[in-house]
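Index from 1, following the sequence.
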Amino acid sequence: MDQAPHPPDSPADRADGVVWLRPEYQGRQGELVTLAAGARLVGVSAAAVSNWQSRHPKEFPQLALLTGPPHKRTKWAVAVELVAFARDQRTRERDRTGPRSPHRPGAEIAAEQTAHYEEVLRTLTEREQRQQKALARTQSAKRAAEEKLTRARARLTAEVAAVVRLGIPAARTAITEKEIRP
């Protein structure tokens, strides 16, 4: 909605960057507020006020003043009108009786959640079974290594005992790897 009474390149725009859209507020600038300050005043974001202005062009308070260069205008509105408009917007939002958009039935959502968690449980059960098998293999390998270690210690003990019994000096008892492995 274009509220400027004259084109942006008119002499009034170039002179001081001030364009009065509602001349009755000249001299009453204390009653005006920028849209950004108005947003803070009514407790919403500047984007909310901008959305209101674009979505409700007929109901939104008419701008009273434009300041600044043509490519970056500061918009001013009557503070009382902006507060009243914001109050109406908030009242409309509270008064809505129906949902904004169609909602899915709770049973449908619950069914999807059930299917999801059944799939998660199935995946975790498979992972648990794979890990149990891997654990069983690891435990079996550990038992085999313990048995081999026990046999190797027994053989070492027997060898040391034989050396002591025969009285062979340590230098002559060097055992090669071939002799250790059967």
Side-chain angles (χ1 to χ4, degrees), residues 1-139 141:
M1 168 171 90
D2 186 26
Q3 296 180 341
H6 45 76
D9 292 330
S10 69
D13 285 332
R14 286 187 297 239
D16 58 3
V18 175
V19 178
W20 284 97
L21 302 173
R22 294 173 70 182
E24 65 269 22
Y25 283 96
Q26 279 183 317
R28 298 168 46 193
Q29 288 88 337
E31 297 176 41
L32 303 180
V33 64
T34 65
L35 294 186
R40 288 189 298 274
L41 179 68
V42 299
V44 297
S45 67
V49 172
S50 178
N51 287 339
W52 288 342
Q53 186 181 19
S54 62
R55 292 179 184 165
H56 309 285
K58 293 179 183 173
E59 296 88 13
F60 192 81
Q62 184 182 4
L63 297 178
L65 173 66
L66 298 175
T67 59
H71 65 278
K72 189 177 178 184
R73 294 281 192 196
T74 301
K75 300 174 182 178
W76 297 76
V78 179
V80 174
E81 293 175 3
L82 186 59
V83 169
F85 180 82
R87 188 178 306 117
D88 289 344
Q89 288 303 303
R90 290 188 173 191
T91 303
R92 282 185 197 166
E93 289 174 8
R94 278 193 306 249
D95 288 345
R96 289 185 181 155
T97 55
R100 287 184 160 184
S101 60
H103 292 282
R104 295 185 307 154
E108 182 180 326
I109 295 170
E112 287 179 7
Q113 287 176 337
T114 301
H116 169 75
Y117 288 116
E118 285 174 347
E119 178 63 22
V120 167
L121 184 60
R122 186 190 61 73
T123 302
L124 292 173
T125 301
E126 288 175 2
R127 185 181 301 167
E128 180 183 37
Q129 290 169 350
R130 285 193 309 270
Q131 290 176 349
Q132 284 175 344
K133 289 177 184 176
L135 178 60
R137 287 190 302 270
T138 302
Q139 289 172 336

ask   = Closest approach of W20 and A64, non-hydrogen atoms and distance?
value = CE3-O, 3.6 Å
V49/F60 under side-chain contact (heavy atoms from CB on, under 4.5 Å): CA gap, chis, key distance, verdict = CA-CA 9 Å; V49 172; F60 192 81; 3.9 Å; yes
inquiry  = Just verifying a value: how many Å separate Q131 CD and T138 OG1, rounded to the nearest 0.5 Å?
reply    = 11.0 Å
request  = With rounding to the nearest 0.5 Å, note down the distance linking OG1 in T125 to CZ in R130.
outcome  = 10.5 Å
query = Does a side-chain N-to-carboxylate-O contact under 4.0 Å join E118 and R122?
reply = no
request  = Measure the CD-CD distance between Q89 and E59 for me, rounded to the nearest 0.5 Å.
outcome  = 7.5 Å
Between CH2 on residue W52 and CG on residue L82, distance to nearest 0.5 Å = 7.0 Å
task = Take K75 and L66, measure what side-chain contact (heavy atoms from CB on, under 4.5 Å) needs, and give me the verdict at the end.
result = CA-CA 5 Å; K75 300 174 182 178; L66 298 175; 3.8 Å; yes
ask   = With a 4.5 Å limit on heavy-atom distance, are the side chains of L65 and L32 in contact?
value = yes
request  = Measure the spacing between OG1 of T34 and CZ of R40 and express it to the nearest 0.5 Å.
outcome  = 6.0 Å
ask   = Which pair of heavy atoms, one from R90 and one from V42, lies closest together, and at what distance?
value = NH2-O, 3.2 Å
key: G27 backbone acceptor or donor facing Q29 side chain under 3.5 Å   = yes
key: Spacing of CZ belonging to R73 relative to CG belonging to L63, to within rounding of 0.5 Å   = 11.5 Å
query = Okay, side chain of S50, backbone of A46: is any donor-acceptor separation there less than 3.5 Å?
reply = no
inquiry  = So V78 and R22, do their side chains get closer than 4.5 Å, heavy atoms only?
reply    = yes
